[in-house]
There are 2 protein chains.
Amino acid sequence: MATGRTHRPATRSRGIPEATVARLPLYLRALTALSERSVPTVSSEELAAAAGVNSAKLRKDFSYLGSYGTRGVGYDVEYLVYQISRELGLTQDWPVVIVGIGNLGAALANYGGFASRGFRVAALIDADPAMAGKPVAGIPVQHTDQLETIIHDSGVSIGVIATPAGAAQQVCDRLVAAGVTSILNFAPTVLSVPDGVDVRKVDLSIELQILAFHEQRKNGEERDERADRDERPPRDTGQAVAATVAPAAEAAGPGANAAQGPVAGAVPGASPKGPDGDVPAVMPA
Amino acid sequence: MATGRTHRPATRSRGIPEATVARLPLYLRALTALSERSVPTVSSEELAAAAGVNSAKLRKDFSYLGSYGTRGVGYDVEYLVYQISRELGLTQDWPVVIVGIGNLGAALANYGGFASRGFRVAALIDADPAMAGKPVAGIPVQHTDQLETIIHDSGVSIGVIATPAGAAQQVCDRLVAAGVTSILNFAPTVLSVPDGVDVRKVDLSIELQILAFHEQRKNGEERDERADRDERPPRDTGQAVAATVAPAAEAAGPGANAAQGPVAGAVPGASPKGPDGDVPAVMPA
DNA sequence: TCCTGTGAACGAATTCACAGCA
DNA sequence: TGCTGTGAATTCGTTCACAGGA
């Protein structure tokens with residue numbers, strides 16, 4: 001899911017399911033690797049293994065694109081690479097701007113995978129005047145003031161936001177107003193955008209929290225002390241104790257691939273309950 | 001202890017759906033923000049809006065955790081923050097190691113959201129001897145040789161891989177062998193791990209490709225060359241003809257020169273890599 | 001009355017299993 | 001004889017709509 005509001009009516013057009021779209025890049029990568037090794041054809045089984053999915057899913061996915069395989073044989077690697085690239089829109093050039101050239105923005109600018117798939121860093125933008133002119137990854141950083149001009153002149157339609165959370169929405173609004181219709185958001189904020197604009201977010205913190213959830217479960221199997229979780233809250237109605245956290249983050253995973261089975265047999269007594277104190281004490285500084 | 005105990009009318013026993021788990025961090029962040037503003041309670045409607053989901057979904061999600069709301073009123077913010085934190089395992093400390101301190105690794109090390117949710121960067125590891133000892137984000141980088149020792153001594157169970165694709169699997173194997181059971185992978189490779197180990201991946205390139213797909217469709221709407229998906233491939237029966245179609249690489253690379261950005265998901269054995277390799281990214285500063 | 005909690009309807013995604021073609 | 005392509009079955013996730021407690 002990506003768009004902020006509006007349920008995506010999308011998916012309709014060609015009718016390729018979102019889940020499938022999210023896997024196409026995966027297949028493409030595996031195919032590209034095969035191509036570089038001059039492998040002429042692959043079976044769904046082999047390709048699936050290389051992409052980390054199962055073959056039935058892969059075949060179903062490809063069936064949405066058309067019938068590009070040969071029964072009894074498999075898929076022609078080069079041809080499939082081309083078809084998927086075209087379907088994803090990678091046969092054209094996509095100028096991209098990155099806003100917020102901090103640690104992350106710089107990492108993104110230097111990311112090699114960028115240029116290798118039709119994406120081109122058209123400009124780097126930062127609000128810090130001191131950054132202006134300084135080259136990052138060979139590209140001079142420009143000041144935020146230039147944002148609209150840059151977008152317009154470069155015909156950019158994809159923007160990457162790597163600013164602090166506090167600035168994200170504002171940057172987003174300006175990008176959208178300037179004509180950007182797809183945004184990749186690295187800031188830990190929910191962005192609201194008008195219809196027609198796609199937003200995808202990537203967030204380390206969320207991924208880690210999901211891992212922690214499963215990790216806890218692995219270890220916590222045997223420990224279970226407290227009672228039921230249903231018990232009524234100690235409720236204190238007090239109010240916001242200062243403490244607590246700073247902005248965190250989240251990310252939407254498209255088809256995040258989990259490695260394996262969740263939960264297994266439903267831990268019985270699970271759910272401990274932290275009756276002890278009451279609220280937060282969570283998070284260290 | 002018998003698995004029996006689950007006899008509560010409501011309340012599920014365990015088995016919180018993955019989709020729900022993936023949203024808990026979102027709710028947590030929204031709640032934390034409310035908490036900081038000393039808001040005592042929220043309705044599902046308000047909280048849902050803040051988290052960017054719809055209220056029915058949010059209520060359903062919370063129902064898997066238990067009944068933590070009050071009909072006619074809403075949810076107690078502090079209490080819910082605590083419950084979700086606990087459910088996610090954030091009430092405990094999670095030492096984490098980051099392997100691969102390039103642009104991305106450094107960005108991750110500097111990411112504030114790290115420490116703010118129970119995660120603590122226990123160590124930074126890099127294969128480059130020249131990096132050893134250099135502090136990044138205040139933490140001295142250690143050499144890969146120390147990996148096993150570090151993991152063991154710090155009791156790390158979550159590892160972050162931010163190395164070039166070519167090194168990822170090997171690093172992964174070592175992490176797993178040393179006891180890590182959850183991995184967050186930023187390298188554009190499919191990692192294979194034994195059962196019991198969770199892997200989540202974050203991939204910038206994939207996110208951009210998904211955006212490109214939708215972007216392309218927005219522009220191409222009206223021309224709608226229908227039916228083209230059913231049409232039979234122009235492909236001739238012959239196979240593996242050298243270059244009938246444009247391989248992705250060239251279709252893609254405007255600014256990219258073939259020599260440089262191979263991308264591709266790491267073919268075992270090959271490991272190009274420039275300064276930084278291919279690594280997608282994450283996190284704002 | 002208002003808002004939560006949840007059964008039930010619905011829809012999307014995955015998996016099964018096999019028909020059909022090279 | 002393989003291996004693709006795909007309906008059918010199944011599982012998972014979302015949304016609806018309303019019962020029921022504060």
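Below, read A as the first sequence line, B as the second, and so on, with proteins coming before strands; counting in each chain starts at 1.
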Under 3.5 Å, which N/O atoms of the protein pair with N/O atoms of nucleotides 18-20 of chain D?
unit_1 : atom_1 : unit_2 : atom_2 : d
D/dG20 : N3     : B/R71  : NH1    : 3.3

Between protein and nucleotides 7-9 of chain D, what N or O pairs are separated by less than 3.5 Å?
unit_1 : atom_1 : unit_2 : atom_2 : d
D/dG7  : N7     : A/K60  : NZ     : 3.3

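Within 6.0 Å of CD on B/E45 lie no more than 12 heavy atoms contributed by other residues, nucleotides or ligands.
Rounding to whole angstrom units, CD of residue B/E46 and C1' of C/dC3 are separated by 11 Å. Separating the CD1 atom of B/I16 from the P atom of C/dG5 is a distance of 14 Å, rounded to the nearest angstrom. At whole-Å resolution of the value, NZ in A/K57 and P in D/dT4 are 17 Å apart. Rounded to an integer number of Å, the gap from A/D76 CG to C/dA22 P is 16 Å. Rounded to an integer number of Å, the gap from CG of A/L47 to P of D/dC3 is 14 Å. Per the geometry, CD belonging to A/E45 stands 14 Å off P belonging to D/dG5, to the nearest Å. Residue B/L65 contributes atom CG, which lies 12 Å from atom C1' of C/dG5 at whole-angstrom precision. Rounding to whole angstrom units, CD of residue A/E18 and C1' of C/dA13 are separated by 12 Å.
Residues satisfying the side-chain hydrogen bond (donor to acceptor under 3.5 Å, both in side chains) test with A/T70, not counting sequence neighbours, are none. With sequence neighbours excluded, the residues that form a salt bridge (Lys or Arg N to Asp or Glu O under 4.0 Å) with A/R23 are A/D61. The salt bridge (Lys or Arg N to Asp or Glu O under 4.0 Å) test applied to A/E215 returns A/K218, not counting sequence neighbours. Residues forming a ring pair (Phe, Tyr, Trp, His ring centres under 6.0 Å) with A/Y27 (at least two apart in sequence, or on another chain): A/F62.
Closest to the A/A19 side chain, of the nucleotides D/dC16, C/dT14, D/dT4, is C/dT14.
A 4.5 Å side-chain heavy-atom check between B/V160 and B/F186 finds at least one atom pair inside the cut-off. Between A/I183 and A/D198, every side-chain heavy-atom pair lies at or beyond the 4.5 Å cut-off.
At the phosphate of D/dA22, neither OP1 nor OP2 sits under 4.0 Å from any side-chain N or O atom of B/T70. Side-chain nitrogen and oxygen atoms of B/Y68 include none within less than 4.0 Å of the OP1 or OP2 phosphate oxygen of C/dC3. Considering only side-chain N and O atoms, B/N54 lies nowhere under 4.0 angstrom from the phosphate OP1 or OP2 of D/dT14. Side-chain nitrogen and oxygen atoms of B/Y64 include none within less than 4.0 Å of the OP1 or OP2 phosphate oxygen of D/dG13.
The OG1 atom of A/T91 sits 6.0 Å away from atom OH of A/Y82, with the distance rounded to the nearest 0.5 Å.
Nucleic acid contact for A/Y75: sugar-phosphate only, since backbone atoms but no base atoms lie under 4.0 Å from a heavy atom of the residue.
Between A/Y68 and A/Y79, the ring centre distance stays below 6.0 Å.
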